[in-house]
Amino acid sequence: MDSARPHKRPTALDRMLTPIHRWIWSDTDRRVQKLLRFSETETDGGRDILRAAEVTSDPLLRRLYLEHAIDEFRHGILFRRRAAALLKVSPSRSNPGFQGAWLAPGGHGLDDLQIYGESDSDMLAFLHLSEKAAASRFTVYRDVMEHDPPTRAVFEEILHDETFHMGYTLTQLARVEPQRHKRHLWRARLSRLWKAYLRLASGLAGVLGSLLLTIQYFVLLPPFAWLAKRAARQEGSGWITVSPGRTDSLSRQY
Ligand SMILES: [Fe+2]
Ligand SMILES: [Fe+2]
C-alpha cells in the first residue's frame with residue numbers, strides 16, 4: 001500500500017517504557033522469539049481481515065480490507081524471515097527466559113478482532129485503534145533497535161504500512177458513520193482498555209503466583225523438613241521387639 005505518510009509519534013506510555021523495550025529487544029534469543037510471535041500475530045490478523053473482506057457488503061471496504069490483509073500477511077513473512085536470519089547467525093537456546101509479552105506485545109491487538117456480528121463501523125473503529133497502537137509500538141521498537149539495523153529496517157518498512165492502515169480506517173469510519181464515528185471510537189477504546197487490563201492482570205498474576213510459590217517454598221517447607229528429620233532421628237533403626245501381649249489381638253497390627 002501507499003507508504004508516503006508521516007509516522008505517528010509513540011504514545012506517552014510507549015515512550016515511558018522505552019528503556020524496558022530496549023532491554024527486552026537487546027537479547028538475541030528473546031528477539032527471535034518475539035519476531036516469531038509477531039509473525040503469527042500479523043498472519044492471524046491478516047486472516048481475520050480477509051474474513052472481514054468476505055462479510056462486508058461495502059465494495060470499497062472489501063477492496064481496502066483485501067489490500068490490508070495482503071499487507072498483514074507480508075508483515076508476517078518479513079518478521080519470520082528476519083527471525084530465521086537471526087537464528088542462522090546465532091542458534092537459539094531452548095529456553096530464552098523472560099519474554100515480557102505483556103510489556104512488549106505484538107503491536108496490533110488484532111488477535112482480539114471479532115468478525116461476526118460486528119458492523120462496518122465497529123470493525124473500522126477497532127482496526128483504527130489497533131493500527132494506531134501498532135504504529136506507536138513499532139516506532140519505539142524501531143528506535144531501540146540501533147544495535148540490529150536489519151531488524152530495524154523490518155520495523156521501519158512495516159511501520160509505513162501500519163501508519164497507512166491507521167489513516168484509511170479512520171477515513172472510512174468517518175465515511176461510513178459521519179455523525180457517530182467518535183462514539184464508535186470511544187466504544188472501541190473502552191473495549192481495548194478492558195482487554196489491556198485483563199492482559200496486564202494475567203501477567204501480574206503470573207508474576208505474583210511465582211513469587212508466592214517461591215516464598216512458600218523457602219518459608220513453609222523448612223519447618224516441615226525439620227520436623228520430619230527430628231521424627232526420623234527419634235525412630236529406632238532396624239527391627240523393633242514387640243512386647244508379647246501386643247500381638248494377641250487380630251483387629252490391629254501391634
Ligand atoms: Fe501489520
Ligand atoms: Fe496493519
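Read the numbers this way: they start at 1 and go in the same order the structure lists the ligands and their atoms.
Of all N, O or S atoms in His75, the one lying closest to the Fe ion (ligand 1) is ND1. The N, O or S atom of Glu42 with the smallest distance to the Fe ion (ligand 1) is OE1. Glu131 contributes atom OE1 as its closest N/O/S atom to the Fe ion (ligand 2). Minimum-distance N/O/S atom of Glu72 relative to the Fe ion (ligand 1): OE1. No other N/O/S atom of His165 lies as close to the Fe ion (ligand 2) as ND1 does. Among heteroatoms of the N, O or S kind in Glu162, OE2 lies nearest the Fe ion (ligand 1).
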| task | Show your working on salt bridge (charged side-chain N to carboxylate O under 4.0 Å, His left out) between Arg142 and Glu157 and close with a plain yes or no. | result | CA-CA 10 Å; Arg142 177 204 59 188; Glu157 187 176 345; over 6 Å; no
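Judged by the 6.0 Å and 45° rule, Arg183 forms no cation-pi pair with Trp186.
No more than 12 heavy atoms of other residues, nucleotides or ligands sit less than 6.0 Å from atom CD of Gln179. Arg81 CZ: 12 or fewer foreign heavy atoms inside a 6.0 Å radius.
Met166 is not connected to Ile70 by any chain of hydrophobic side-chain contacts under 4.5 Å among Ile, Leu, Val, Met, Phe, Trp and Tyr, and they are in different clusters.
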